[in-house]
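Notes follow once the structure below has been shown.
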Amino acid sequence: MTSLLSKERIIARPGFNRWMVPPAALCIHLCIGQVYAFSVFNLPMTRLLGVNEQTPADWKLTELGWIFSLAIVFLGLAAALTGRWLERVGPRKAMFLAAFCFGGGLMISAIGVWAHWLWLIYLGYGVIGGIGIGIGYISPVSTLIKWFPDRPGMATGMAIMGFGGGAMIGAPLATDLMDHFASAQSAGVGATFLTMGIIYFCFMCLGALIVRLPPEGWQPEGYTPAETSSKLITTANVDVDQSLKTPQFYLVWLVLFLNVSAGIGVLGQASAMSQEMMPGKIEAAAAAGFVGLLSVFNMAGRFFWASMSDYLGRKHTYTIFFVLGMGLYAAVPPVASLGNVFLYVLCYCIIISMYGGGFATVPAYLKDLFGTMHVGAIHGRLLTAWSAAGVMGPVLVNYLREMQIEAGVAKAQAYTMTMYIMVALLLIGLICNLKIRAVHSRHHLADRTDEGQDRSFDHATDNT
Amino acid sequence: MQQTTHEDTPPTWQLGLVWVLVLIPLGWGLAQTLGKAAPLFF
């Protein structure tokens, strides 16, 4: 078993088709993306004892909210702390561990539901499952960058697109399974957790089995690294600990944090916000559709923008996110007051596509700045920006809305100030992005470069 | 190029199979989600 998981064993033979690797990454990300659909379990879990109605002994929504929060916190911690280990042991061992943690976390939660022990669900899904999500999220990233030195944005975008798609699969799957297992005595939550745990474990193991690493010095057939390298794209490598001593790490951290903060607040409140900003135009059923449409654009944006960044350059791509984002956020209040549903939905769909694009483009940005060798570990540490934004974004949107309503502003206009605050956040993000320069050579590892497989890209045009 | 692997290279048909395996659930999820979005415009 140890040798099956070893890094040496998964080095590909000559002739291995690199297009086998993105589906391996998708197997992982399509599963762990289920975390964003966890809310579908909340209401059924408030009536596990009463089944049809909540009893005093049933869990409360506020208690259940901690399951998701714990998973996000442990996701960030695991990604930050296991990155270096992942680079050492290779993607297969990490993917197997992620499968055990995520699948196992769901199975442990099933026992928690049957025994009605909330602490076991906190431990199962929140802690163990969260660790599985964190390890799974970063496990295929550096492998994909090594297989696709000519299109690193597209390759990582494809995997991270899977994380967006995971919620689209997880929500209807959970709903269908709960309907299937529901009976007069049970809401079917425990059996659903167990079934999903088994399905996700098998699917993630499939990804771990098909993943391969390229041999050292491997390059795609016909690929010729560009003669003149862009200033931002390095052929050297920076150690993960050393990267924390560079201003670039913190600037990229802020770029991700601000881009995610602006989007995540909207995503969390999309249903209520659309109904309140467009009263009489968007009702409850249409608002649910609006949320679904945003998740489609969140997923598609990850692939589209990350792929585009291979042509535009990472810095230019983020500049587009911030400039276009500012324009669109500023346009939302007047568009809402016009009552034009199509334009309103279009604005938000583009905004959310850039939110997803921000996640998917950042691994390639890190690769450009810090090299391939420790990109997975550095990416793991950068994901703390996601956890921080996950707290700040929704708090900002909710708090500002409450403040406006308390000040006597009509609900339809209560989000106007929020939109302008988002514009300000994006402006700060734009400045941070424009401040990013190439990492100074004193931070580079002395004797290691990417040995040809990791030079500048033909189509990357960052020039700062 | 080095040949250091202990595992066989998967045959080409497996490439198609794994893509189908990941695209089926993705397509299903997409169809479910777009189905819900219909009331927004119709």
Side-chain angles (χ1 to χ4, degrees), chain A residues 3-4 6 8-17 19-20 22-27 30-31 161-162 165-173 175-176 199 203 206-207 209-210 212-218 274 282-296 299-300 341-342 345, chain B:
Chain A
S3 72
L4 178 75
S6 76
E8 292 70 31
R9 189 181 171 114
I10 56 168
I11 294 171
R13 283 181 191 276
F16 178 79
N17 191 327
W19 287 97
M20 199 82 170
L26 278 168
C27 284
L30 284 173
C31 294
M161 174 190 79
M168 291 193 330
I169 299 168
L173 179 64
T175 310
D176 287 358
I199 293 171
F203 211 64
L206 175 70
L209 284 173
I210 58 180
R212 295 287 192 284
L213 278 168
E216 202 164 312
W218 178 87
S274 61
I282 298 181
E283 304 294 344
F290 176 59
V291 175
L293 206 57
L294 291 185
S295 65
V296 172
M299 182 187 77
V341 175
F342 178 78
V345 172
Chain B
M1 222 177 277
Q2 280 180 294
Q3 189 171 320
T4 52
T5 184
H6 301 285
E7 291 188 355
D8 287 332
T9 300
T12 308
W13 64 266
Q14 282 188 16
L15 177 70
L17 183 65
V18 291
W19 271 104
V20 168
L21 275 174
V22 295
L23 289 177
I24 285 176
L26 194 58
W28 177 76
L30 191 63
Q32 298 271 327
T33 309
L34 288 176
K36 270 190 190 172
L40 200 55
F41 301 109
F42 304 107

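All values below were derived from every heavy atom in this structure, side-chain atoms included, with hydrogens, water molecules and symmetry-related copies excluded. Computed from a predicted model, the values in this text were never measured in an experiment.
Nearest approach of B:V22 to A:P23, heavy atoms of both residues: CG1-O, 3.7 Å. Pairing each heavy atom of A:S295 with each of B:T33, the nearest pair is OG-CG2, 3.7 Å.
By number of non-hydrogen pairs under 4.5 angstrom with chain B, the leading residue of A:L30, A:I169, A:V296 is A:I169. Each of A:L213, A:V291, A:L173 has some count of heavy-atom pairs under 4.5 Å with chain B, and the biggest count is that of A:L173.
In this structure, chain B has a heavy atom under 4.5 Å from the side chain of A:L206, while its backbone stays farther away. Only the side chain of A:V345 has a heavy atom closer than 4.5 Å to any heavy atom of chain B. At a 4.5 Å heavy-atom cutoff, the contact between B:L21 and chain A is made by backbone and side-chain atoms alike.
Atom CG of residue B:L26 and atom CE of residue A:M161 lie 5.5 Å apart, to the nearest 0.5 angstrom. Distance check, rounded to the nearest 0.5 Å: CD of B:Q32 to CG of A:D176 gives 6.0 Å.
Remark: side-chain polar atoms of B:W19 are paired, donor with acceptor, to backbone N or O of A:W19 under 3.5 angstrom.
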